[in-house]
Amino acid sequence: MHHCVTLFSIFLLIASSWTDKHQVTASSPSVLYVWSGQDSSVSNAADFVAVIDFDEMSPTYGHILKTVSIVSNTANGIKQVGNEPHHSAISADGRYYITGGLLSFRSQKKEVFVWKITKNIAEGPKFLYALDAPGACPDEFLPIGGPEFDVTMMCNEQAASPGNMVRINAKNRTAISILKNISAFIDFNPHGVGRLSNGSIFVSDFIEPISLAGTDPSQILFRNTVRHILPDGTLERTFQLQFPTTLGSSSGIGRGIGLIALQPIPGDPLGRSFVNGASVNNMYLIGPGMPKPILAIDFSQVNKYQQRISTGLLSIFPDGTRLLTTVQMRYVVLVNITRPEQPNILRVFDFCSDQALKHVTIGIPGSLKKTTFAAFCTQNNNIVGSHYIVHPKDENRFIVINYFLKFGLAQFSGTRTVHAFKFNKDFTNFEYDHKFNPNFQFDSSPIKKQRLTFHSLQAYPHHAQCLKGKKYKHSLRDYII
Ligand SMILES: *[C@@H]1O[C@H](CO)[C@@H](O)[C@H](O)[C@H]1NC(C)=O
Ligand SMILES: *[C@@H]1O[C@H](CO)[C@@H](O)[C@H](O)[C@H]1NC(C)=O
Ligand SMILES: *[C@@H]1O[C@H](CO)[C@@H](O)[C@H](O)[C@H]1NC(C)=O
Ligand SMILES: *[C@@H]1O[C@H](CO)[C@@H](O)[C@H](O)[C@H]1NC(C)=O
């Protein structure tokens with residue numbers, strides 16, 4: 001579902017279906033588009049897309065090549081800052097890049113931004129138009145074919161239930177609800193979404209956003225439901241998960257599990273998906289033919305079974321053998337899911353204590369002071385904000401972003417950094433990629449050219465797409481001169 005998009009070439013499409021079966025440890029030249037907010041204290045602040053060099057052979061590997069910003073346009077209902085940049089996706093036809101502003105609705109502005117992917121991908125996307133979709137809080141975009149996307153709208157215009165499920169056609173500029181009868185959707189705040197090959201849709205409910213606007217954390221309302229929606233938009237079934245109430249069995253923040261992420265297992269004949277909890281650190285296995293979801297793994301085991309708030313998205317390999325997730329906004333976890341009912345953890349990386357980060361310097365967001373991950377953890381309740389994780393198709397690297405959300409009671413900015421990791425040959429282990437650093441220029445000196453970093457931009461990076469293509473290599477070299 002999160003693919004490194006291969007552009008304009010049937011040949012490459014054939015090549016990639018071949019590599020699905022024979023996992024190639026290739027590191028392809030490519031760029032990342034990182035959808036990012038900017039602190040409102042920056043003059044003319046604007047939400048933007050950062051274009052990052054993802055070609056390991058390039059002298060500017062891991063650097064921000066340029067940024068492309070949203071520009072305010074009152075007549076068209078566009079506000080350039082404060083949209084809370086959230087998820088993004090690339091259309092199946094490789095022509096459109098789409099990004100969402102989780103909180104654009106608060107200023108009555110359009111919330112979905114549609115961009116054209118240009119031939120020279122290193123030049124970044126070209127902004128086309130903004131859309132006002134039914135509902136509010138756009139969350140996950142799922143490319144479903146051609147120029148179309150399905151998107152979960154986590155709330156209505158009052159930041160409450162029901163949210164919506166919307167189909168966007170980027171080419172004909174439409175956004176329409178796909179739900180047959182929305183009054184059948186009770187306590188509907190969808191976040192995670194997956195689509196089976198026969199068109200069945202699974203969505204998981206996360207949180208009622210308005211409950212974050214109060215002052216009392218015990219009133220935060222996490223959701224406990226997963227829904228199976230038929231291709232025609234009819235609600236086939238609502239699965240109710242059990243929120244455990246015994247002491248220590250949840251993070252203790254608010255009520256409910258908070259089913260933040262859902263992803264189907266590619267090629268699973270039973271059409272099953274994994275679903276990640278937030279306040280209860282469980283990952284569940286759920287499927288259309290199962291009487292009820294089952295507990296697949298308790299991720300709190302990576303932290304001596306202490307339940308902490310966790311906002312891990314999921315990235316599952318196309319062959320269904322491995323899963324990556326972030327846990328408790330500090331750990332990166334690689335899981336063997338060859339037997340989905342009984343996954344086993346292969347590797348745990350801890351941003352707060354891993355030796356690989358001992359000498360890595362980061363800038364304290366919004367300040368000129370430097371720090372280390374360990375010191376940042378000590379001062380920030382061991383939360384670095386790890387949330388988004390993606391393993392681009394046919395890659396031996398993956399991306400983790402340390403930023404979740406800064407809204408009301410959810411103050412989880414973390415280090416506001418973007419990281420790359422590299423797998424070993426059989427995908428049983430990975431290492432931190434020290435060469436990749438779009439975050440902070442720690443080797444700056446008066447004679448060295450200053451470059452753009454997420455720190456210097458005072459950015460809130462949330463989501464990344466990886467793009468690669470035959471035309472890319474030449475054009476990036478051109479760009480670098
Ligand atoms: C736009 O696309 C949607 C499907 O995504 C379709 O229902 C609608 O008829 C199309 N509208 C136009 C004007 O082509
Ligand atoms: C829509 O859903 C409501 C609530 O489940 C139900 O009472 C009603 O009959 C449904 N309407 C249609 C047209 O299916
Ligand atoms: C889609 O496939 C799954 C798994 O094979 C099945 O359980 C489900 O009922 C199917 N949905 C439809 C709409 O046919
Ligand atoms: C992954 O799980 C399968 C099934 O349990 C097992 O046979 C295989 O050895 C595991 N691989 C690793 C690397 O742990």
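Note that ligands are numbered from 1 as they come in the structure, with each ligand's atoms numbered from 1 the same way. Note: hydrogens, waters and symmetry copies are ignored here, and every other heavy atom, side chains too, is used.
Taking the six-membered ring for Trp, Phe317 and Phe427 have ring centres closer than 6.0 Å. With ring centers used as reference points, Phe398 lies under 6.0 Å from Phe423. For an aromatic pair to be called close, the ring centres must be under 6.0 Å apart, and Phe436 with Tyr61 satisfies this.
Checked by distance only, ligand 4 and Thr428 stay at 3.5 Å or farther apart across all their nitrogen or oxygen atoms. Taking only nitrogen or oxygen atoms, main chain and side chain alike, Ser200 reaches within less than 3.5 Å of ligand 3.
Every residue was checked against the side chain to side chain donor-acceptor pair (under 3.5 Å) condition with Arg237, not counting sequence neighbours, and none meets it. A search for salt bridge (Lys or Arg N to Asp or Glu O under 4.0 Å) contacts involving Glu341 returns Arg272, not counting sequence neighbours.
For the residue pair Ser88/His463, the side-chain donor-acceptor check at 3.5 Å is satisfied.
Close approach of ligand 3 to Pro288 (heavy-atom distance below 4.0 Å) involves ligand atoms 3 (C), 6 (C), 7 (O). The contact set between ligand 4 and Asn336, taken as ligand atoms under 4.0 Å from a residue heavy atom, comprises 1 (C), 2 (O), 3 (C), 8 (C), 10 (C), 11 (N), 12 (C), 14 (O). For ligand 3, the atoms closer than 4.0 angstrom to any heavy atom of Leu270 are 4 (C). Residue Pro231 has at least one heavy-atom neighbour below 4.0 Å for each of these atoms of ligand 3: 13 (C).
Looking at Asp426 against ligand 4, nothing comes within 4.0 Å, counting heavy atoms. Contact annotation for Leu346 and ligand 4: only side-chain heavy atoms (C-beta onward) come within less than 4.0 Å of the ligand. Residue contacts with ligand 3, taken as heavy atom pairs separated by less than 4.0 Å, do not involve Ser197 at all.
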Check ligand 2 against the protein and report each N/O to N/O distance under 3.5 Å, formatted as atom name, atom name, distance.
from     : atom 1 : to     : atom 2 : distance (Å)
ligand 2 : 2 (O)  : Asn181 : ND2    : 2.3
ligand 2 : 11 (N) : Asn181 : ND2    : 2.8
ligand 2 : 14 (O) : Asn181 : ND2    : 3.4

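The shell of residues lying under 4.0 angstrom from ligand 3, judged by heavy atoms, excludes Gly287.
At a threshold of 4.0 Å, the pair Arg106-Glu111 does not count as salt-bridged, since none of the basic side-chain nitrogens sits closer than that to a carboxylate oxygen. Salt-bridge formation is not detected for the pair Arg397/Asp433: no Lys NZ or Arg NE/NH1/NH2 atom is positioned less than 4.0 Å from an Asp or Glu carboxylate oxygen. A salt bridge does not link Asp55 with Lys468: none of the charged nitrogens is closer than 4.0 Å to a carboxylate oxygen. Comment: Arg167 engages Asp150 in a salt bridge, judged by a side-chain N to carboxylate O separation of less than 4.0 angstrom.
Within the structure, the ring pair (Phe, Tyr, Trp, His ring centres under 6.0 Å) test picks out no pair touching residues 282-310 (sequence neighbours left out).
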